[in-house]
Structures are given as C-alpha cells and as structure tokens.
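For ligands, and for the atoms within them, numbers begin at 1 and follow the listed sequence. In this chain, numbering begins with 1 at the start of the sequence shown.
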Amino acid sequence: MISNLIASMNHPEEIKAMMKLYLNGQFQHTATPDQKTIKQISDREFSYQILNRVSRSFAAVIHELPTEVQDAVCAFYLVLRGLDSVEDDMSIELEKRNAMLRTFHVDMMDKDSDFTGIGDTDDYRLLMKEFHKVAGFLKKLDPKYQAVIIDICKRMGEGMAEFSKREVVTSQDFDLYCHYVAGLVGHGLSDLFAASGMENPRLSESKDIANSMGLFLQKANIIRDYHEDLTAERMFWPSAIWRKAALSIDEFNTRPEAPESLAVLNELVTDAMRHLPDCIAYLRLLKNPAIFRFCAIPQAMALATLIEVYNNPKVFTQNVKIRKGLAAKIMVEIKTIEDMSEFIQKQSETLQSKISLTDPSCGMMVDYLHKAVVKLAQSPVVTLDTEEEQEYRKVS
Ligand code: MG
C-alpha cells in the first residue's frame with residue numbers, strides 16, 4: 001500500500017481514489033475456502049468465493065451487475081478460466097490436451113468428470129478440483145444463459161486446440177488467436193446482456209465491435225506480458241512482426257533500448273490501437289449504467305496499459321503494470337460515456353506526447369488516435385432501439 005501511495009505522489013486524485021476503494025473494502029483479502037467450508041456452502045457461494053480468488057479486479061466490477069446477469073457472467077467467467085487452465089497446462093500431453101479442450105464444454109457438465117491436478121496455482125487447482133460446483137451453479141441458470149456459455153466454451157476450445165499446433169505468424173493469425181480466446185468472450189457477453197433484457201436485443205448482432213472489445217484487452221495483455229511469458233517459455237507475439245528485428249524472441253531482452261526493439265513494440269501497440277474506435281462504438285450502444293461500467297473499466301485499464309508500455313524498454317526486462325493509483329482512479333471515476341470520453345481524450349494526449357517521429361508506425365498511430373477522437377465526437381449516440389422503444393420514446 002505504501003509503495004502504491006508513493007508511486008502516485010504526483011497524482012493526488014489517484015491517492016484519493018485508492019483511499020476511497022480502501023474504505024469500501026475493495027482491497028480486503030478473501031481467504032481460500034477450506035474443504036469443510038466447501039462441503040457446506042452452495043454451488044453459487046463457492047463460485048463467487050473462487051471468483052474472488054482467481055480475479056480480484058474482475059470480481060470488483062462483476063459485483064456491481066444486476067443479480068441475474070451477474071450470476072450468468074460469473075459462471076461464464078469461471079467456465080472460461082477452467083478452459084484456459086486446460087490450455088495452459090503443458091504437463092498434459094498435446095493430443096490429450098487438445099481432446100480435452102474440444103470436449104470441455106460437455107465434460108464440465110458431467111458430474112463424474114475429474115479435473116484434479118490441472119492449474120498452475122493453488123486457487124486454479126481448487127477451481128478445477130471442485131469444478132462440479134461451478135457446473136452445479138451453471139445448471140441452475142436460465143437455459144438461455146447456459147446455451148450461450150456452452151456454445152462459446154465449445155468454440156473457444158476448438159480455437160485453442162487449433163492454435164496449439166500453429167504458430168502466430170501474421171497479424172491476421174494474431175487477430176484470429178485473440179478472437180478465439182477473447183473476441184468470443186465479447187460475443188458471449190453481448191448475447192448474455194441481450195438475453196437478460198437489460199440491453200437492447202440487437203446488441204448481440206453487433207459481433208464485429210464486440211470482437212474488437214476482446215481483441216483490445218487481449219492484445220494489451222499479450223504485449224505487456226512479454227517478460228512474464230518469456231520466463232514461462234510461451235510467446236504470442238506474431239513472428240512476422242518481431243522477426244523484422246530479431247532472430248529469436250529473447251533477443252529483445254538483451255537489447256531493450258535498441259530502436260529496432262522499440263519499433264517492434266510500438267508496431268504491436270499501434271496494431272492494438274486499431275481496435276479502439278470499435279470499442280468506443282460498442283460502449284456507446286450500452287444503456288444500463290452497471291453493464292456500461294463492467295465493460296468500460298477493463299477497456300480503460302487496457303488503454304492505460306498500452307500507453308504505459310508504448311516505447312517503454314522496461315517491457316523487455318520486467319513486468320510493467322499501470323500504477324495501482326491509476327487503476328483505482330479508473331474504478332472510481334468512470335461511470336458514463338462522458339467520463340470515458342474524457343479519459344480517452346486525456347490518454348490520447350499522453351500518447352501523442354510519447355510518439356517519436358522516427359518511429360516507423362507513428363503515422364498509423366496518429367491515424368488511429370484521430371479515428372478514435374472522431375468516434376468520440378459523433379453525435380448523437382447511436383441507439384439500437386427496438387421499434388417498441390422508439391414508439392415509447394415518441395409517446396413519453
Ligand atoms: Mg491460455
């Protein structure tokens with residue numbers, strides 16, 4: 001906590017935001033449930049407890065959602081964490097792992113399935129060992145939610161299996177891999193929101209921009225995680241881009257400051273920024289304030305991350321993260337599309353000031369930032385109202 005306060009010393013509003021979250025209990029530690037507790041608590045209770053353990057930042061935004069959609073999103077998230085734990089478990093032989101990925105959507109619903117031992121931390125291993133409780137929670141959801149969750153899990157598992165045998169080479173490969181592991185989450189969430197009736201049913205027709213929401217988040221993480229992934233001997237950076245400057249991916253680690261190294265990093269950040277105008281278009285469609293925050297906060301964090309890593313040689317040698325204070329400020333301050341607009345405008349200015357004119361992708365970056373600003377300025381907000389809603393507006 002002290003080091004976080006010191007890091008935000010020149011940003012008093014960040015300190016204020018951290019204190020506010022602290023007083024709200026947001027930084028409170030949730031203990032891992034023990035075996036005795038697990039036997040006593042309901043499937044739903046277990047699911048929320050394990051959610052707190054596997055993703056605190058996600059748990060914070062999910063708790064704000066209206067109950068019905070909250071349960072569906074919680075189950076969706078845990079199902080995908082389960083699938084991802086299978087994808088990431090290199091101790092399972094490749095063919096067996098691929099078979100597991102392809103059938104996870106069926107096996108997870110079977111009470112006799114046993115996923116014990118899968119997962120790289122104690123919390124993930126507990127999630128997998130007790131997955132029958134997540135399945136129990138899922139089975140109690142309205143069938144319309146179950147159908148979305150199972151369908152996305154099936155398609156994601158197939159995509160993960162495909163990429164286990166295929167390198168991410170081109171920018172198109174990168175988009176496709178990110179589509180499977182994140183863009184599909186955007187599709188699924190849109191379908192869940194539309195099915196809940198809390199957002200316009202036509203939201204689920206806007207699949208392109210829902211996909212971009214996922215790609216923007218996923219690419220920000222993949223770029224930021226260079227050092228962590230290198231240490232874990234996995235890499236998702238598209239080779240057609242990094243091979244312009246190196247023969248092997250670990251070379252960047254030995255010459256982080258070289259202009260060619262930074263040009264690769266900046267090209268990837270620029271590629272991620274390509275999705276920002278779509279993300280803005282998506283956020284403008286949302287009507288429910290809690291759903292808006294749930295969608296906007298991770299996007300704001302991803303934007304801040306991309307700006308933090310842009311032209312930053314530290315990415316190659318250590319794990320770079322945005323200040324806890326900045327994350328707190330995002331959590332506290334972003335409530336409406338206007339707040340998000342203001343945030344994007346400010347972040348764009350910061351990024352503009354970091355762009356070097358000698359960087360090969362600087363022209364593209366300026367172009368994407370311009371497109372984002374134009375999208376923000378578009379007025380009025382596009383609505384996807386149904387005919388009934390339009391009638392209602394006319395009358396009221
Ligand atoms: Mg994975």
Side-chain angles (χ1 to χ4, degrees), residues 50-51 53-59 73-105 107-108 115-129 131 134 149-169 173-189 211 213-239 242 249 268 272 275 298 301-302 305 309 315 319 321:
I50 200 75
L51 176 74
R53 296 294 311 170
V54 296
S55 173
R56 204 183 300 181
S57 56
F58 186 77
V73 173
C74 175
F76 187 37
Y77 185 82
L78 293 175
V79 162
L80 300 184
R81 292 260 55 113
L83 184 69
D84 187 48
S85 298
V86 176
E87 188 202 23
D88 292 348
D89 195 331
M90 296 299 154
S91 72
I92 311 168
E93 187 266 324
L94 180 72
E95 291 304 334
K96 187 179 171 207
R97 192 170 70 232
N98 283 346
M100 284 177 77
L101 287 170
R102 290 199 164 96
T103 57
F104 189 75
H105 66 287
D107 299 339
M108 68 177 182
F115 301 111
T116 307
I118 297 173
D120 53 9
T121 66
D122 287 347
D123 289 320
Y124 282 103
R125 278 189 289 275
L126 181 64
L127 165 71
M128 297 311 281
K129 181 169 170 279
F131 211 83
V134 176
I149 295 169
I150 292 167
D151 172 58
I152 298 292
C153 180
K154 176 174 187 278
R155 289 159 63 196
M156 193 181 291
E158 277 164 10
M160 285 170 165
E162 180 189 330
F163 270 91
S164 73
K165 294 187 168 183
R166 170 177 169 187
E167 194 193 347
V168 177
V169 180
D173 295 341
F174 195 33
D175 279 5
L176 184 60
Y177 177 71
C178 292
H179 162 72
Y180 286 136
V181 299
L184 284 174
V185 184
H187 286 202
L189 286 171
N211 187 53
M213 292 279 283
L215 266 59
F216 191 69
L217 299 188
Q218 189 67 21
K219 287 183 177 182
N221 289 347
I222 287 177
I223 299 166
R224 180 201 59 197
D225 291 342
Y226 169 88
H227 186 254
E228 192 183 316
D229 286 342
L230 190 69
T231 316
E233 293 181 21
R234 58 181 178 231
M235 191 43 69
F236 303 98
W237 284 24
S239 58
W242 64 257
I249 188 75
L268 290 171
H275 307 295
M301 302 271 189
T305 299
V309 299
V315 172
N319 299 344
K321 288 215 159 116

For Lys129, salt bridge (Lys or Arg N to Asp or Glu O under 4.0 Å) partners two or more places apart |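 Checked Lys129 against salt bridge (Lys or Arg N to Asp or Glu O under 4.0 Å); zero matches.
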
Who are the salt bridge (Lys or Arg N to Asp or Glu O under 4.0 Å) partners of Asp120, not counting sequence neighbours?
->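 By the salt bridge (Lys or Arg N to Asp or Glu O under 4.0 Å) rule, Asp120 matches no residue at all.
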
Is there a side-chain contact between Pro238 and Leu268, using heavy atoms and a 4.5 Å cut-off?
-> yes

Are any of the side-chain heavy atoms of Phe58 and Val73 separated by less than 4.5 Å?
-> yes

Does Arg81 pair with Asp84 as a salt bridge, N-O distance under 4.0 Å?
-> yes

Just list the side-chain donor-acceptor pairs under 3.5 Å for residues 160-168, sequence neighbours left out, or say none.
{"from": "Glu162", "atom 1": "OE1", "to": "Tyr180", "atom 2": "OH", "distance (Å)": "2.9"}
{"from": "Glu162", "atom 1": "OE2", "to": "Arg166", "atom 2": "NH1", "distance (Å)": "2.6"}
{"from": "Ser164", "atom 1": "OG", "to": "Asn98", "atom 2": "OD1", "distance (Å)": "2.9"}
{"from": "Ser164", "atom 1": "OG", "to": "Asn98", "atom 2": "ND2", "distance (Å)": "2.9"}
{"from": "Ser164", "atom 1": "OG", "to": "Ala161", "atom 2": "O", "distance (Å)": "2.7"}
{"from": "Lys165", "atom 1": "NZ", "to": "Glu95", "atom 2": "OE2", "distance (Å)": "2.9"}
{"from": "Arg166", "atom 1": "NH2", "to": "Asp173", "atom 2": "OD1", "distance (Å)": "3.0"}
{"from": "Glu167", "atom 1": "OE2", "to": "Ser239", "atom 2": "OG", "distance (Å)": "3.1"}

Hey, which protein N/O/S atoms does the Mg ion (ligand 1) have under 2.8 Å?
->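 Counting only protein N, O or S atoms under 2.8 Å from the Mg ion (ligand 1), the list reads Asp84 OD1, Glu87 OE1, Asp88 OD1.
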
